[in-house]
Undergrad: 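Okay, handing you the structure first.
Chain letters run A, B, ... following the sequence lines, proteins first, then strands; residues in each count from 1.
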Amino acid sequence: MEFAEVSLIRFGFGPGPWPGADGPDDLLADLAQPDRTGQRWPGATQQQALDFVRDFRALRKDFRANPEAGKLPFRALRTQIKDLRDDALRITLARGVDDRFGFRERLWAFWRDHFTTRALKLQDFPMAMAHAEALRPHIAGRFTDLLQAAILHPMMLQYLDQSSSIGPGSVMAQRKPDRRYGLNENLGRELIELHTLGAGASYTQTDVRQLTELLTGLRATDAGVTFAPKFAEPGAETVLGIRYGGDVAHKSDIDAALQALARHPDTAQHLARKLVVHFIGPQPNPTLVDTMAQAYLDADTGLIPMYEVLLTHPSAQTPSFQKLRPPLDWVITALRTLGVAGTDIASTPLKQINHGVLQPLRRMGQPWREPVGPDGWAEDAAYWLAPQALAERINWALKVPAALGGMRPDPRDVLPHALGSRPAPLLRQAVPRAESLAEGLALILVSPEVMRR
Amino acid sequence: MLSRRFFLQGATMAGCSMAAHPLMSSVTLADTPGENRLAVIILRGAMDGLDLIQPYGDPQLALYRPKFDIGPNAGAADLDGFFALHPAMAELLPLWHAGELGFAHAVSTPYRGQRSHFDGQDILEAGTGLDVPDPMRQDGWLNRLLQTMPGTHAETAFSIGTADLPVLTGAAPSTAWTPDTWLNMSDQGRRLLDQIYHDDPLFRDAAQEALSLTQGERPAAYAAQKGKTAASESLAAFAAQKMRGSTRIAAFSLSGWDTHVNQRLAMAGPVAQLAAMIRVMKSELGPVWARTSVLALTEFGRTAAQNGSGGTDHGTGGVAVMAGGALRGGRVIGDWPGLDEAALLDRRDLMPTQDVRAIAGWALRGLFGTERAAIEQVIFPGLDLGDDPRILL
């Protein structure tokens with residue numbers, strides 16, 4: 001199988017209207033270009049999100065003070081926030097079907113998942129969307145920058161409870177002892193365990209505790225992320241053998257610790273392994289992982305050199321597809337397979353996006369931007385193929401593609417496009433025997449050939 | 001490992017049922033999984049045992065947790081003058097008094113040190129000790145239990161809900177389903193699905209289960225209302241429906257226990273959901289409740305002291321919840337370590353005084369007659385079962 005065909009399946013969202021990349025160089029060159037897909041379908045900004053939070057608070061206060069008069073404006077804002085959430089899904093779908101090779105969008109999904117955040121309250125949704133957008137400029141840059149953008153963001157600080165982690169010896173804690181201020185380990189722990197070194201790497205509970213103390217003072221406020229020394233634990237902290245700070249707390253110590261975590265050899269191994277597991281399969285080739293980790297360290301946490309090793313390795317080119325597209329990625333692939341364009345999706349009313357995609361994703365086991373924990377979505381193919389989740393995918397494939405974009409192509413025309421050079425004799429035999437056009441299309445979309453990657 | 005002797009007995013005894021031969025000894029019944037039932041609920045996120053079963057008789061607790069509601073004076077239900085039950089579970093007090101609800105306190109898996117949810121859940125569901133290397137933790141302990149049981153089939157064990165359940169994953173077949181799912185395909189479409197998945201085992205097995213579970217008329221929904229408690233109720237009702245039939249083991253999970261912030265509010269929801277699950281199981285199981293044990297287990301407990309956000313951080317020792325008509329309940333079992341700072345693990349967590357796997361192990365021994373050696377070597381490798389706490393009637 002040619003690289004162009006394999007790479008669309010494994011590193012993208014399946015075949016689309018354009019041919020795939022001739023080789024790894026084309027994919028990497030595309031990443032080095034400006035983010036045209038992102039510019040075409042722009043997402044929420046941090047300022048927008050901050051404005052939403054401020055308006056939400058003000059209107060909620062009005063509503064509580066005067067329910068009669070405050071009800072309608074408050075309800076209207078809540079609707080706006082829900083629309084923004086649904087629109088972010090619409091944008092994600094449009095980007096996925098429109099991106100030529102799909103690799104940039106797949107990487108975006110990978111790093112979104114690596115730095116999972118989740119809005120636990122309605123008013124947090126705009127900030128969660130802005131967090132995902134803040135990662136985009138760095139997914140083909142250096143991990144040091146990506147880590148800074150991901151961690152020093154109001155959404156991450158809020159999701160992992162950083163704003164309520166206050167140094168017990170800080171000025172604030174001393175001033176108000178009755179408040180019983182204290183540490184919260186959540187961010188310190190996940191920063192090591194999930195975002196950098198990885199669980200089981202060479203760190204101890206003391207490192208987690210010390211990093212937690214070092215992070216105190218970092219807070220999400222109405223203005224975004226701030227560093228407030230009066231909340232910071234005084235004194236130096238030692239994380240993984242490196243000593244940070246002194247009597248006076250500085251944000252630069254936190255920056256330095258993030259840089260050191262990014263440059264740690266265990267981080268290189270963790271990220272390399274995770275990329276291979278995500279794109280290729282559950283048993284990564286150890287030499288490939290080592291080579292990727294070394295390329296990352298040699299390039300001072302450069303991501304493109306690591307991607308290059310991955311794309312050029314023989315295991316990236318084998319036509320046996322071990323991974324399963326999780327529901328969101330599969331929905332994008334299904335739409336692409338049917339020839340739905342970004343403009344079709346962009347002109348679909350939000351209500352239809354909500355009923356036709358957002359709610360079905362929940363039933364398929366992947367509610368939009370709501371993973372259970374900070375470790376994100378599962379990689380294991382079998383996880384996504386529980387019988388009821390498969391049944392929900394079949395139900396979706398039966399009725400939704402026609403509703404989105406209004407297209408009902410003939411299954412016999414879609415089939416050769418979807419399969420390319422793959423033999424798939426059972427599917428080629430089954431599709432023409434379907435009783436209806438809808439069932440014929442559904443068979444293609446739920447086939448192992450379209451679902452695997 | 002299943003011995004050849006069991007296979008031979010299984011072949012000769014096929015067709016006999018317990019109802020037809022009430023005097024059969026447990027040995028000759030080896031061709032069926034028996035009549036007892038086990039439901040395992042994995043509580044994801046680390047349930048705070050000190051808040052569910054509050055040792056309010058220890059004055060330290062209130063000192064560690066000034067922002068918490070503690071003991072009967074703050075709304076909890078007194079159990080025995082020392083422990084009190086979280087108010088959101090008070091609806092189950094009649095079960096406690098009937099001996100159908102009990103708890104094991106200060107228990108934990110062998111997991112220590114890093115206090116990671118993910119590693120903690122891995123070990124809880126794998127049922128192994130820390131000495132077992134990661135690649136060995138490929139299957140769950142409920143699956144290894146199934147492998148020791150004779151005469152099982154795919155519906156002997158059910159995992160219920162959309163979440164993955166590693167505790168039941170492994171070589172022995174089991175079925176996974178969510179109560180409100182249906183499949184809207186024509187008969188011809190169903191046949192073609194069967195065809196396109198024929199050569200891909202992962203798809204083939206999932207599709208066959210989906211097709212067989214959606215045959216005939218679509219059943220009516222259990223709970224009319226919506227929301228998390230209703231979802232828990234319908235999950236439990238579906239489990240009960242299967243357990244009234246040929247299913248002997250049901251597993252599902254309940255998340256929401258990671259109460260780092262404002263625990264007074266955050267804890268009430270999942271506790272109420274857990275209580276609802278147990279209540280619905282009892283009512284829907286009917287006479288089968290008498291042969292049922294429910295075990296709710298979590299990856300670890302939480303810190304003895306509240307944190308800076310009115311919540312608690314990851315800890316070690318915690319609580320296992322037990323319910324069922326087969327239970328000898330109405331007790332909080334365990335060796336209570338006390339809450340003095342010196343008695344805490346690392347001066348922060350409730351000291352675990354018993355391996356939670358021993359609680360589960362004795363339940364398996366009582367329910368399914370599983371050999372002690374199988375429990376200590378195969379199901380929970382490396383476990384010392386210790387003395388029988390006589391959990392079951």
Undergrad: Do Gln195(B) side-chain atoms and Leu426(A) backbone N/O form a donor-acceptor pair below 3.5 Å?
TA: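 Yes; judged by distance alone, with no hydrogens or angles, the pair exists.
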Undergrad: Please state whether the side chain, the backbone, both or neither of Arg189(A) comes within less than 4.5 Å of a heavy atom of chain B.
TA: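 Side chain of Arg189(A) only, per the 4.5 Å heavy-atom cut-off to chain B.
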Undergrad: Please evaluate residues Leu202(B) and Arg452(A) with respect to the criterion side-chain contact (heavy atoms from CB on, under 4.5 Å), reporting the C-alpha separation (whole Å), side-chain torsions for both, the decisive distance (0.1 Å), and the verdict.
TA: CA-CA 11 Å; Leu202(B) 193 63; Arg452(A) 283 186 178 275; 3.7 Å; yes
Undergrad: Who among Thr312(B), Ile196(B), Leu211(B) has the most heavy-atom pairs with chain A under 4.5 Å?
TA: Ile196(B)
Undergrad: Can any side-chain N or O of Gln114(B) pair as donor or acceptor with the backbone N or O of Tyr203(A) at less than 3.5 Å?
TA: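 Indeed, once roles are kept as given, a pair shorter than 3.5 Å links the two residues.
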Undergrad: Closest approach of Asp119(B) and Ala199(A), non-hydrogen atoms and distance?
TA: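 Of all heavy-atom pairs spanning Asp119(B) and Ala199(A), the closest is OD2-CB, 3.8 Å.
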Undergrad: Are more than 12 heavy atoms, taken from residues, nucleotides or ligands other than Arg273(A), located less than 6.0 Å from that residue's CZ atom?
TA: no
Undergrad: Donor-acceptor pair, distance only, cut-off 3.5 Å: does the side chain of Glu435(A) make one with the backbone of Ser186(B)?
TA: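 Flag not set: sc Glu435(A) to bb Ser186(B) has no pair under 3.5 Å.
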Undergrad: Between Asp200(B) and chain A, with a heavy-atom cut-off of 4.5 Å, which part of the residue counts as in contact: side chain, backbone, both or neither?
TA: side chain
Undergrad: So which part of Asn307(B) gets closer than 4.5 Å to some heavy atom of chain A, the side chain, the backbone, both or neither?
TA: both
Undergrad: Chain B heavy atoms under 4.5 Å from Arg393(A): which part of the residue, side chain, backbone, both or neither?
TA: neither
Undergrad: Please determine whether side-chain contact (heavy atoms from CB on, under 4.5 Å) holds for the pair Val446(A) and Tyr197(B), giving the CA-CA distance in whole Å, both sets of side-chain angles, and the decisive distance to 0.1 Å.
TA: CA-CA 10 Å; Val446(A) 302; Tyr197(B) 292 147; 3.3 Å; yes
Undergrad: Could you go through the side-chain contact (heavy atoms from CB on, under 4.5 Å) check for Phe203(B) and Leu324(A) one step at a time?
TA: CA-CA 10 Å; Phe203(B) 281 84; Leu324(A) 194 90; 3.4 Å; yes
Undergrad: Against chain B, label Ala389(A) side chain, backbone, both or neither, depending on which of its atoms sit under 4.5 Å from a heavy atom there.
TA: neither
Undergrad: Please report the interatomic distance CZ(Arg65(B)) to CZ(Arg180(A)), rounded to the nearest 0.5 Å.
TA: 13.0 Å
Undergrad: So which of His198(B), His117(B), Arg115(B) has the biggest tally of heavy-atom pairs under 4.5 Å with chain A?
TA: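 Ranked by contacts with chain A, first place is Arg115(B).
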Undergrad: Please determine, among Leu194(A), Asn186(A), Val431(A), the option with the most heavy-atom pairs under 4.5 Å with chain B.
TA: Asn186(A)
Undergrad: Please look at Leu390(A) and chain B and tell me whether the side chain, the backbone, both or neither of the residue comes under 4.5 angstrom of a heavy atom of that chain.
TA: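 The side chain, not the backbone.
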Undergrad: Quick one: closest heavy-atom pair of Lys67(B) and Arg179(A), and the distance?
TA: NZ-O, 3.7 Å
Undergrad: For Pro166(B), which atoms come within 4.5 Å of any heavy atom of chain A: side chain, backbone, both, or neither?
TA: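 Interface part for Pro166(B): neither.
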Undergrad: In terms of heavy-atom proximity below 4.5 Å to chain A, should Arg191(B) be classed as side chain, backbone, both, or neither?
TA: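 Interface part for Arg191(B): neither.
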Undergrad: Atom CZ in Arg112(B), atom CD in Gln205(A): separation rounded to 0.5 Å?
TA: 13.5 Å
Undergrad: Report, as yes or no, whether the 6.0 Å neighbourhood of atom CZ on Arg204(B) holds more than 12 heavy atoms from other residues, nucleotides or ligands.
TA: yes
Undergrad: Taking side chain as everything from C-beta outward and backbone as N, CA, C, O, which of these in Gln208(B) sits under 4.5 Å from a heavy atom of chain A? Side chain, backbone, both or neither.
TA: neither
Undergrad: Could you check which of Gly189(B), Pro66(B), Gly113(B) has the highest count of heavy-atom pairs closer than 4.5 Å to chain A?
TA: Pro66(B)
Undergrad: Quick check on Asp205(B) against chain A: is it the side chain, the backbone, both or neither that has a heavy atom closer than 4.5 Å?
TA: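 Neither part, no heavy atoms under 4.5 Å.
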Undergrad: Tell me the closest heavy-atom pair linking Pro374(A) and Phe118(B), and the distance in Å.
TA: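 Smallest heavy-atom distance, with atoms named: CG-CZ, 4.2 Å.
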Undergrad: Between OG of Ser436(A) and CD of Gln188(B), what distance do you get to the nearest 0.5 Å?
TA: 10.0 Å
Undergrad: Going through the checks in order, is the side-chain hydrogen bond (donor to acceptor under 3.5 Å, both in side chains) test met by Ser309(B) and Asp161(A)?
TA: CA-CA 8 Å; Ser309(B) 334; Asp161(A) 306 324; over 6 Å; no
Undergrad: Side chain, backbone, both or neither: which part of Ala378(A) has an atom under 4.5 Å from a heavy atom of chain B?
TA: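 No part of it gets close to chain B.
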Undergrad: Of all heavy-atom pairs between Asn184(B) and Leu398(A), which one has the smallest distance, and what is that distance?
TA: O-CD1, 3.2 Å
Undergrad: Taking atom CG of Leu193(B) and atom CD of Glu439(A), what is their separation to the nearest 0.5 Å?
TA: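 Here the rounded value is 8.0 Å.
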Undergrad: Under 4.5 Å, counting heavy-atom pairs only, tell me which of Ile166(A), Asp380(A), Asp375(A), Ile394(A) racks up the most with chain B.
TA: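 Most heavy-atom pairs under 4.5 Å with chain B: Asp375(A).
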Undergrad: Using a cut-off of under 4.5 Å for heavy-atom pairs, which of Gln429(A), Glu449(A), Lys399(A) has the most such pairs with chain B?
TA: Gln429(A)
Undergrad: Give me the atom names and distance for the closest heavy-atom approach of Ala391(A) to Trp182(B).
TA: CB-O, 4.3 Å
Undergrad: Against chain B, label Glu193(A) side chain, backbone, both or neither, depending on which of its atoms sit under 4.5 Å from a heavy atom there.
TA: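 Looking at Glu193(A), just its side chain touches chain B.
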